[in-house]
Amino acid sequence: MGSNRRLCLIIWVIFVLVSVPIRGQGIKSTRLLDLVIRDYTFKLFNKHFKTGTPYSINLPSNLSGITVYTSRYRCGSLKRYGATINEFYLKVGVDVHPCIERILIVTQNLGNNWSNIYYDNYDALLGYQLVSPVLGLLAYNSGDDDTQFEVKIQSPGGIQINFSNYTASSTLDGRIKMCATFEGDGRVKLAKEVAPSVCGARSQGHFGLVVQSPLLPVRKKMRRWTVAFGCSVGAAIAVFLVGLLLIAMFVKVKKKARLEEMERRAYEEEALQVSMVGHVIRVHTASATRTSPRIEQNLRPPR
């Protein structure tokens, strides 16, 4: 019984080890990350906040390293006056589609760690290296009906994104910086800076500064191939070990049952003689004994 428990425990441990990488993957999609940040923003935003004033959103510990600010605007006021929200400057003439009355603008600073999610999801970045955190600008409907849907911001005058607080010329080694705009369909648009460490855009999205780095594609391909091969080999070994353990348990149970049956039969045959009737019914009979005859003295025949 104890050995069976140990085998079951080993199988359970192997199952946990195999399933840990699956549970440990976390958020790997840029779209999913935007939705999670949106949900926390609407959950913590108070409708009594002042219009046009940025408010910080406190994210949970599993999203540490991401800085989020949000601000509420009337569509008409945003078009007439524009807005400046942290690193983003929206010039006069901003169009919002669709806009019922108010919108909630959300800015994201993904920091150094979470910015890698864009590098991992956009193959067009092969050959380039991020030298700034990825900054995001998104907008959502903020009407009285609490309908949370994304709206599109377009600025004929342009939107400027200032990266001057996040780049250091000493780390560039003379390489030319390029502005990267991450499209929703997986494409990346590269453009020149409109000013030192300043990028331009026409609509909302995610942006970053990159430089050419010819060594990164090789390292990335090797990393993906190595991870895929390692996961496949690990899964195959785990399945093989589980199969061996199951076979060992089955053989042990059958062997134990056979030994118990042999012991039972030996015990029965030692006590009684067993005679078989047909192939199914066993009839147990006691050993036959005969009483020796004894002649009475008074009944002896006459001589």
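Computed from heavy atoms alone, side chains included, the values below leave out hydrogens, waters and symmetry copies. Values in this document were obtained by computation on a predicted structure and should not be read as measured data.
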A.B. asks: How many angstroms lie between NE2 in His206 and CD1 in Ile117, if you round to the nearest 0.5 Å?
C.D. replies: 9.5 Å

A.B. asks: Step through the shown structure and confirm whether more than 12 heavy atoms of other residues, nucleotides or ligands are within 6.0 Å of CZ on Phe49.
C.D. replies: yes

A.B. asks: At their closest point, which heavy atom of Gly93 faces which heavy atom of Pro156, and how far apart are they?
C.D. replies: O-CD, 3.2 Å

A.B. asks: Inspect the contact between Lys28 and Asp120 and indicate whether a charged nitrogen and a carboxylate oxygen are less than 4.0 angstrom apart.
C.D. replies: no

A.B. asks: Is Leu78 reachable from Val92 through a run of hydrophobic residues whose side-chain heavy atoms are each under 4.5 Å from the next?
C.D. replies: no

A.B. asks: For Asn86, which of Thr67, Val68, Thr107, Asn165 qualifies under side chain to side chain contact (heavy atoms under 4.5 Å, CB included)?
C.D. replies: Thr107

A.B. asks: If you count heavy atoms of other groups shown closer than 6.0 angstrom to CG of Asn112, is the number above 12?
C.D. replies: no

A.B. asks: Evaluate whether atom OH of Tyr55 has more than 12 neighbouring non-hydrogen atoms of other residues, nucleotides or ligands under 6.0 angstrom away.
C.D. replies: yes

A.B. asks: Would you check if there is a donor-acceptor pair between the side chains of Ser197 and Lys177 at a distance under 3.5 Å?
C.D. replies: yes

A.B. asks: Is Val233 reachable from Leu241 through a run of I, L, V, M, F, W or Y residues, each pair having side-chain heavy atoms under 4.5 Å apart?
C.D. replies: yes

A.B. asks: Quick one: salt bridge (Lys or Arg N to Asp or Glu O under 4.0 Å) partners of Lys189, sequence neighbours excluded?
C.D. replies: Glu183

A.B. asks: So, do Leu135 and Phe163 sit near enough that their side-chain heavy atoms are less than 4.5 Å apart?
C.D. replies: yes

A.B. asks: Please determine whether side chain to side chain contact (heavy atoms under 4.5 Å, CB included) holds for the pair Asn162 and Phe88, giving the CA-CA distance in whole Å, both sets of side-chain angles, and the decisive distance to 0.1 Å.
C.D. replies: CA-CA 7 Å; Asn162 192 342; Phe88 294 91; over 6 Å; no

A.B. asks: Taking atom OG of Ser203 and atom CG of Leu137, what is their separation to the nearest 0.5 Å?
C.D. replies: 9.0 Å

A.B. asks: What are the two closest heavy atoms between Val151 and Pro98, and how far apart are they?
C.D. replies: CG1-O, 3.0 Å

A.B. asks: Please report the C-alpha distance between Trp114 and Leu33 in whole Å, then the side-chain angles of each, then the deciding distance to 0.1 Å, and finally whether the side chain to side chain contact (heavy atoms under 4.5 Å, CB included) criterion is met.
C.D. replies: CA-CA 10 Å; Trp114 282 95; Leu33 181 60; 4.1 Å; yes

A.B. asks: Just so I know, are the side chains of Tyr166 and Val131 near enough to count as touching, which here means a heavy-atom distance under 4.5 Å?
C.D. replies: no

A.B. asks: Side chains of Lys255 and Lys252, heavy atoms from C-beta outward: is any pair under 4.5 Å?
C.D. replies: no

A.B. asks: Would you say the side-chain atoms of Asp34 and Gln108 include a donor-acceptor pair closer than 3.5 Å?
C.D. replies: yes

A.B. asks: Name the residue from Ile66, Asn58, Leu59 that meets the side chain to side chain contact (heavy atoms under 4.5 Å, CB included) definition with Tyr40.
C.D. replies: Leu59

A.B. asks: Taking all non-hydrogen atoms of both residues into account, name the closest pair between Lys91 and Ser155 and its distance.
C.D. replies: O-OG, 4.0 Å

A.B. asks: Do Thr30 and Tyr118 have side chains that approach each other closer than 4.5 Å (heavy atoms only, starting at C-beta)?
C.D. replies: yes

A.B. asks: Test side chain to side chain contact (heavy atoms under 4.5 Å, CB included) on Glu101 and Arg74; report intermediate values, then the result.
C.D. replies: CA-CA 6 Å; Glu101 183 178 0; Arg74 290 181 179 270; 3.1 Å; yes

A.B. asks: With distance as the sole test, does Gln204 use its side chain to make a donor-acceptor pair with the main-chain N or O of Ile153 at under 3.5 Å?
C.D. replies: yes

A.B. asks: Do Pro133 and Asn109 have side chains that get closer than 4.5 Å, going by heavy atoms?
C.D. replies: yes

A.B. asks: Indicate if Leu63 and Leu32 have the same hydrophobic cluster label, given that clusters are the connected sets of ILVMFWY residues with side-chain heavy-atom separations under 4.5 angstrom.
C.D. replies: yes

A.B. asks: State, with a plain yes or no, whether a side-chain heavy atom of Leu209 is found less than 4.5 Å away from one of Cys199.
C.D. replies: yes

A.B. asks: Which residues satisfy the salt bridge (Lys or Arg N to Asp or Glu O under 4.0 Å) test with Arg31, sequence neighbours excluded?
C.D. replies: Glu150

A.B. asks: Is the backbone of Val134 close enough, under 3.5 Å, to the side chain of Ser115 for a donor and an acceptor to pair up by distance?
C.D. replies: yes

A.B. asks: Measuring from Leu245:CG to Phe240:CZ, what's the distance to the nearest 0.5 Å?
C.D. replies: 10.0 Å

A.B. asks: Over 60° means perpendicular and under 30° means parallel, so classify the ring planes of Tyr122 and Phe182, tilted if in between.
C.D. replies: perpendicular

A.B. asks: What's the separation between atom CG in Asn141 and atom CG in Leu104, rounded to the nearest 0.5 Å?
C.D. replies: 9.5 Å

A.B. asks: Starting from Leu138, can I reach Tyr89 by hopping between I/L/V/M/F/W/Y residues whose side chains sit under 4.5 Å apart?
C.D. replies: no

A.B. asks: I need the minimum non-hydrogen distance between Ile103 and Cys75, along with the two atoms involved.
C.D. replies: CG2-SG, 3.9 Å

A.B. asks: Do Val198 and Ile161 sit in the same hydrophobic cluster, where Ile, Leu, Val, Met, Phe, Trp and Tyr count as joined when their side-chain heavy atoms come under 4.5 Å apart?
C.D. replies: no

A.B. asks: Among Tyr73, Tyr140, Tyr69, which residue meets the side chain to side chain contact (heavy atoms under 4.5 Å, CB included) test with Ile105?
C.D. replies: Tyr73

A.B. asks: Checking side chain to side chain contact (heavy atoms under 4.5 Å, CB included) for the pair Lys79/Asp95: CA distance, chi angles, key distance, verdict?
C.D. replies: CA-CA 6 Å; Lys79 185 171 185 177; Asp95 291 325; 3.2 Å; yes

A.B. asks: Side chains of Arg72 and Ser142: any donor to acceptor distance under 3.5 Å?
C.D. replies: yes

A.B. asks: When rounded to the nearest 0.5 angstrom, what distance separates CZ in Arg102 from OG1 in Thr51?
C.D. replies: 5.5 Å

A.B. asks: Restricting to non-hydrogen atoms, name the atom on Ser71 and the atom on Gly52 that form the minimum distance, rounded to 0.1 Å.
C.D. replies: OG-C, 3.3 Å

A.B. asks: Would you indicate whether the side-chain heavy atoms of Ile57 and Ile37 approach each other to under 4.5 Å?
C.D. replies: no

A.B. asks: Could you tell me whether the side chain of Val253 reaches within less than 4.5 Å of the side chain of Lys256, counting heavy atoms only?
C.D. replies: no

